[in-house]
*Asks:* 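Could you have a look at this structure, given as structure tokens, before my questions?
Since the model is a prediction, treat every value here as computed from it, not as a measurement. Below, read A as the first sequence line, B as the second, and so on, with proteins coming before strands; counting in each chain starts at 1.
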Amino acid sequence: MSYIEVNKTKCIGCNKCVEVCNYDAIKVVNGKAVIDYNLCTLCGACVKACPVDAIVIAQVEKKIDLSNYKGIWVIIEYFDGELKNTGFQLVSKANELARASKDAVTAVLVGNTEPAEDELKKIFSEYGVRNVKAVYHKDFTRLITEDASEVLSAQIAQDKPKIVLFLGTIFGRTLAPQVATRVQTGLTADCTELEINERNNLLQIRPTYGGKVLATIETPYSCPQMASVRPNVFVEEKMPIMIEEVKIEKVPVKKRSFISVKNLKKVLMIEESDDIFETPVEEAKVVYCIGLGVGSKEGFDAVANFARQNGAVVAATRGVVDEGWADISQQVGQTGVTIRPELYVSFGVSGAIHHIIGIKNSRKIVAINKDFRAPIFKIADYCIVADLFEVIEKMKNYSLALQ
Amino acid sequence: MKKILVCLKQVPNTRDVKINPENHTLVREGVESVLNPFDDCALEEALKLKKKYGFSVTVMTMGPPQAEKILEYSFRRGADEAFLLTDRHLAGSDTWATATAVVGLAKKGGYDLLFCGQESIDSGTGHIGASIAEMMNIPQVNYAEKVLGLHENRIRIQAKFDKFDAQLEVVTPVVVSFLKKGFEVKLKAIDESVISERIKRVTLADLNLLPEQVGLEGSYTQVVNIDIDERFVGYVTVDSNLSANERILYITTGGITENENKKIIRDLSQESIEEIASLIM
């Protein structure tokens, strides 16, 4: 049972695969590459490195009939009467996928709110959604996703959607793997692109290895095909239909074996976290983002103070959060939040791709870095090649002079 | 005495991963393999409980034989027991197959607390803790910051939730996935000569798992293509139509050129300062 194979006729013994293997799993013996299956993790690095396409990873072939599964579901949080509005970004992407796969889109609202039909019909008609399903119970809470997971999983088993998309909020990122495990199907986290392939399956594209690589993932032998997408990755697009075309289906939940009913898990207390920053980074209009180029916690604080003086919200790169200078809620990029502010200004940010992914849709990007080779300059609208502290110093003097 | 299992993953330090401009592959040579920082925080919380209540701390990882490095590190941190789940059939496992294998090992030990990192820095799915709990049909807490305390079979945990901190009380056994945070790593002096021998190596057969339940075959998702994002390859392509001077400028600026969509400011003259101020202040 080996899924990775070297075509001995094609192999030219060039050693390129040996060089890229991180697991010492390839050796060239008698001029041909040989794989040590005890060490190989099937990461695929050698497949890409091979100049003559001699190494292939065979896909597992299974014959399963999935033709009963139809439609695209978008899961949207609906707690305390508030519809998570970033859900419409995902609805817009689902509409696009549905055109390609000839499926219908259903918005599935999950939460503690009984649907206000007229209001919902009006909202969803603007986005071309004809089917809305509301799964709700007054005791549902975002903190005990197990309850919602149980109900949603049962609904999926009954209705058999082909594709289910989750918004990658904390709630969605917790709910999605629970549901995927319960219904026994595949799930891809934090996709940055979704497409339909020639077999009418969902291609789930996501960055990996700190964002340096884009992996395309398919769920070929199980349904629904599930993916989560962080807020602000896709753009919402209106597609109005008649209000009367929208059907709202209420699915009130009967309590069964819920974890909260069994008293296995309960919420004792919720309090606002003591983060200094009132506006969450993802909602800010002006963001100053701080990278490792500030050199120290003191450097970070200096830039953060400058940001606050200018009414900007402070964001940070992963490196800065790893150093403990900033809170994880301020982290922008693939593993943090994705932002699209009116103005993004970076201070000492080099622009690793996992960061770029999270900021590239900002309206205006200003980058300050003394290294002109910093990759962030490739996507910046304004490249300021200078020492960031010198820039700040001069900015302060300039504004003092104006007063 | 309660038993804790901490699930660990060895990851490449993604900050060091570079892209080879020649063949557009990841250059992993010289890239350090480290314990996923989120998992280190999970281990830290487990060791705090060991200190406070005298619980036993078992660590496990799944991966190639080199992964034993992080288990040795765990012994130096104060772990009591370590399992390395290594089997060629595990290669290519997605999060479902990985969770299946971890559950196979977890069920053998009868643990009260299963700790994981919320996500790994190389793939960052955040699925494993949730999947393990669902497969074992036990409660879970995600985005956990710290353990507040424990009384009989109830554990109190502080977890992050959007703008809020929540305190949750959960009945054990439970899976807790921890966020990363800074802490001071303390290493113990231990007998280094037997450290590798203390690691218990297990295979699928030891866990009564079949090869087809894990690895590529046991995975619901399959990677069908891997691409390097061209924009981030560390080299520039020079347009041969440019004049010599333009080419030199292009190369020395790392491939960024001024145009109607991009302005470059290289000096901090009064004029530049005014322009920057109008941009950012």
*Asks:* Check whether A:Thr188 gets within reach of chain B through its side chain, its backbone, both or neither, counting any heavy atom under 4.5 Å.
*Replies:*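 Both the backbone and the side chain of A:Thr188 come within 4.5 Å of chain B.
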*Asks:* Does the side chain of B:Val170 reach to within under 4.5 Å of the side chain of A:Leu264, using non-hydrogen atoms?
*Replies:* no
*Asks:* Quick one: of B:Arg156, B:Gln167, B:Lys181, who has the most non-hydrogen atom pairs under 4.5 Å with chain A?
*Replies:* B:Gln167
*Asks:* Look up atom CZ in B:Arg88 and atom SG in A:Cys40, then write down how far apart they are to the nearest 0.5 Å.
*Replies:*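 Going from CZ on B:Arg88 over to SG on A:Cys40, the span is 9.5 Å.
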*Asks:* For the residue pair B:Val223 and A:Glu218, establish whether any side-chain heavy-atom pair is separated by less than 4.5 Å.
*Replies:*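 In short, these two side chains do not touch, never coming nearer than 4.5 Å.
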*Asks:* Does any backbone or side-chain atom of A:Val47 lie under 4.5 Å from a heavy atom of chain B? Answer side chain, backbone, both or neither.
*Replies:* neither
*Asks:* Could you look at A:Leu203 and say if it's the side chain, the backbone, both or neither that has a heavy atom under 4.5 Å from chain B?
*Replies:* side chain
*Asks:* Counting only heavy atoms closer than 4.5 Å, note whether A:Gln184 contacts chain B via side chain, backbone, both or neither.
*Replies:* both
*Asks:* In terms of heavy-atom pairs under 4.5 Å with chain B, which of A:Thr145, A:Ile270, A:Asp36, A:Leu268 leads?
*Replies:* A:Leu268
*Asks:* Could you check whether any side-chain heavy atom of B:Leu168 comes within less than 4.5 Å of a side-chain heavy atom of A:Lys266, counting everything from C-beta outward?
*Replies:*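 Side chain of B:Leu168 against side chain of A:Lys266, heavy atoms only: no contact under 4.5 Å found.
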*Asks:* Can you name the nearest heavy-atom pair linking A:Ser149 to B:Glu134, along with the distance?
*Replies:* OG-OE2, 3.5 Å
*Asks:* Of the listed residues (A:Ile170, A:Asn310, A:Asn197), which shares the most heavy-atom pairs with chain B below a 4.5 Å separation?
*Replies:* A:Ile170
*Asks:* Report the distance from atom CD1 of A:Ile384 to atom NZ of B:Lys263, rounding to the nearest 0.5 Å.
*Replies:* 10.5 Å
*Asks:* Ignoring hydrogens, what is the shortest heavy-atom contact between B:Leu268 and A:Lys394? Give both atom names and the distance.
*Replies:*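 Here B:Leu268 and A:Lys394 meet closest at O-NZ, 3.8 Å.
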*Asks:* Could you look at A:Ala215 and say if it's the side chain, the backbone, both or neither that has a heavy atom under 4.5 Å from chain B?
*Replies:* both
*Asks:* Chain B: which of A:Asp387, A:Asn397, A:Val267 shares the most heavy-atom pairs with it under 4.5 Å?
*Replies:* A:Val267
*Asks:* Side chains of B:Thr125 and A:Arg206, heavy atoms from C-beta outward: is any pair under 4.5 Å?
*Replies:* yes
*Asks:* With a 4.5 Å cut-off on side-chain heavy atoms, are A:Tyr288 and B:Ile280 touching?
*Replies:*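 Heavy-atom side-chain distance check passes, below 4.5 Å.
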*Asks:* Check whether B:Glu119 gets within reach of chain A through its side chain, its backbone, both or neither, counting any heavy atom under 4.5 Å.
*Replies:*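 Side chain only.
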*Asks:* Tell me which of these, A:Leu187, A:Ile328, A:Val345, A:Val366, has more heavy-atom pairs under 4.5 Å with chain B than the rest.
*Replies:*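 Most pairs with chain B among the choices: A:Leu187.
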*Asks:* CD1/B:Ile276 to OH/A:Tyr382 distance, rounded to the nearest 0.5 angstrom?
*Replies:* 11.5 Å
*Asks:* With a 4.5 Å heavy-atom cut-off, do B:Val171 and A:Lys265 have their side chains touching?
*Replies:* no
*Asks:* Can you say whether A:Asp381 sits under 4.5 Å from chain B via the side chain, the backbone, both, or neither, judging by heavy atoms?
*Replies:*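 Both parts, backbone and side chain.
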*Asks:* Taking C-beta and beyond as the side chain, do A:Leu39 and B:Gln66 meet within less than 4.5 Å on heavy atoms?
*Replies:* yes
*Asks:* Testing the 3.5 Å rule here: is there a donor-acceptor pair between the side chains of B:Gln140 and A:Gln178?
*Replies:*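 Yes.
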*Asks:* How many angstroms lie between CZ in A:Arg318 and CD1 in B:Ile121, if you round to the nearest 0.5 Å?
*Replies:*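 So the CZ of A:Arg318 and the CD1 of B:Ile121 are separated by 5.5 Å.
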*Asks:* What part of B:Gln158 is in contact with chain A, defined as an atom under 4.5 angstrom from a non-hydrogen atom: side chain, backbone, both or neither?
*Replies:*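 For B:Gln158, no heavy atom lies under 4.5 Å from chain A.
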*Asks:* Using heavy-atom distances under 4.5 Å, tell me whether A:Lys370 contacts chain B through its side chain, its backbone, both, or neither.
*Replies:*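 No part of it gets close to chain B.
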*Asks:* Under 4.0 Å between a side-chain nitrogen and a carboxylate oxygen: does that hold for B:Lys180 and A:Asp322?
*Replies:* yes
*Asks:* Can you tell me which portion of A:Tyr398 sits under 4.5 Å from chain B's heavy atoms? Options are side chain, backbone, both or neither.
*Replies:*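 When you check distances to chain B, only side chain atoms of A:Tyr398 fall under 4.5 Å.
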*Asks:* Taking salt bridge (Lys or Arg N to Asp or Glu O under 4.0 Å) as the test, write out the residues that go with A:Arg142, two or more places apart.
*Replies:*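 Salt bridge (Lys or Arg N to Asp or Glu O under 4.0 Å) list for A:Arg142, sorted by chain: A:Glu77.
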*Asks:* When heavy-atom pairs shorter than 4.5 Å are enumerated against chain A, which of B:Glu274, B:Glu275, B:Gln118 gives the highest number?
*Replies:*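 Winner by heavy-atom pair count: B:Glu274.
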*Asks:* Could you work out, with side chain to side chain donor-acceptor pair (under 3.5 Å) as the rule, every residue matching B:Ser131, not counting sequence neighbours?
*Replies:*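 Result, side chain to side chain donor-acceptor pair (under 3.5 Å) vs B:Ser131: A:Thr181.
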*Asks:* Ignoring hydrogens and angles, write down the donor-acceptor pairs under 3.5 Å from the side chains of residues 90-99 of chain B, residues two or more places apart or on other chains.
*Replies:*
| from | atom 1 | to | atom 2 | distance (Å) |
| --- | --- | --- | --- | --- |
| B:Ser93 | OG | B:Leu90 | O | 2.6 |
| B:Ser93 | OG | B:Gly215 | N | 3.0 |
| B:Asp94 | OD1 | B:Trp96 | N | 3.1 |
| B:Asp94 | OD1 | B:Ala97 | N | 3.0 |
| B:Asp94 | OD1 | B:Ser219 | OG | 3.2 |
| B:Asp94 | OD2 | B:Tyr220 | N | 3.0 |
| B:Asp94 | OD2 | B:Thr221 | N | 2.9 |
| B:Asp94 | OD2 | B:Thr221 | OG1 | 2.9 |
| B:Thr95 | OG1 | B:His127 | ND1 | 3.2 |
| B:Thr98 | OG1 | B:Asp94 | O | 2.7 |

*Asks:* Within the supplied structure, the quantity of interest is the number of heavy atoms (other residues, nucleotides, ligands) at a distance under 6.0 Å from B:Asp267 CG; does it exceed 12?
*Replies:* yes
*Asks:* Is chain B contacted by the side chain of A:Glu390, its backbone, both, or neither, given a heavy-atom distance below 4.5 Å?
*Replies:* both
*Asks:* Can you tell me how far apart NZ (B:Lys160) and CG (A:Asp327) are? Round to the nearest 0.5 Å.
*Replies:*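 CG of A:Asp327 is found 4.5 Å from NZ of B:Lys160.
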*Asks:* With a 4.5 angstrom heavy-atom cut-off, which part of B:Phe161 approaches chain A: side chain, backbone, both or neither?
*Replies:*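 Looking at B:Phe161, backbone and side chain both touch chain A.
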*Asks:* side-chain contact (heavy atoms from CB on, under 4.5 Å) between A:Leu42 and B:Leu216: does it pass, once the steps are laid out?
*Replies:* CA-CA 9 Å; A:Leu42 294 179; B:Leu216 213 50; 3.9 Å; yes
*Asks:* What is the minimum heavy-atom distance between A:Ala380 and B:Lys262, and which atoms define it?
*Replies:* O-NZ, 2.6 Å
*Asks:* With a 4.5 angstrom heavy-atom cut-off, which part of A:Gln331 approaches chain B: side chain, backbone, both or neither?
*Replies:*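 When you check distances to chain B, only side chain atoms of A:Gln331 fall under 4.5 Å.
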*Asks:* What are the two closest non-hydrogen atoms of A:Asp190 and B:Gly124, and how far apart are they?
*Replies:* OD2-O, 3.7 Å
*Asks:* Any side-chain heavy atom of A:Ser399 sitting closer than 4.5 Å to one from B:Met281?
*Replies:* yes
*Asks:* Please list, in residue-number order, every residue in residues 172-179 of chain B that has a heavy atom less than 4.5 Å from any heavy atom of chain A; write 'none' if there are none.
*Replies:*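 B:Leu179 fall under the 4.5 Å cut-off.
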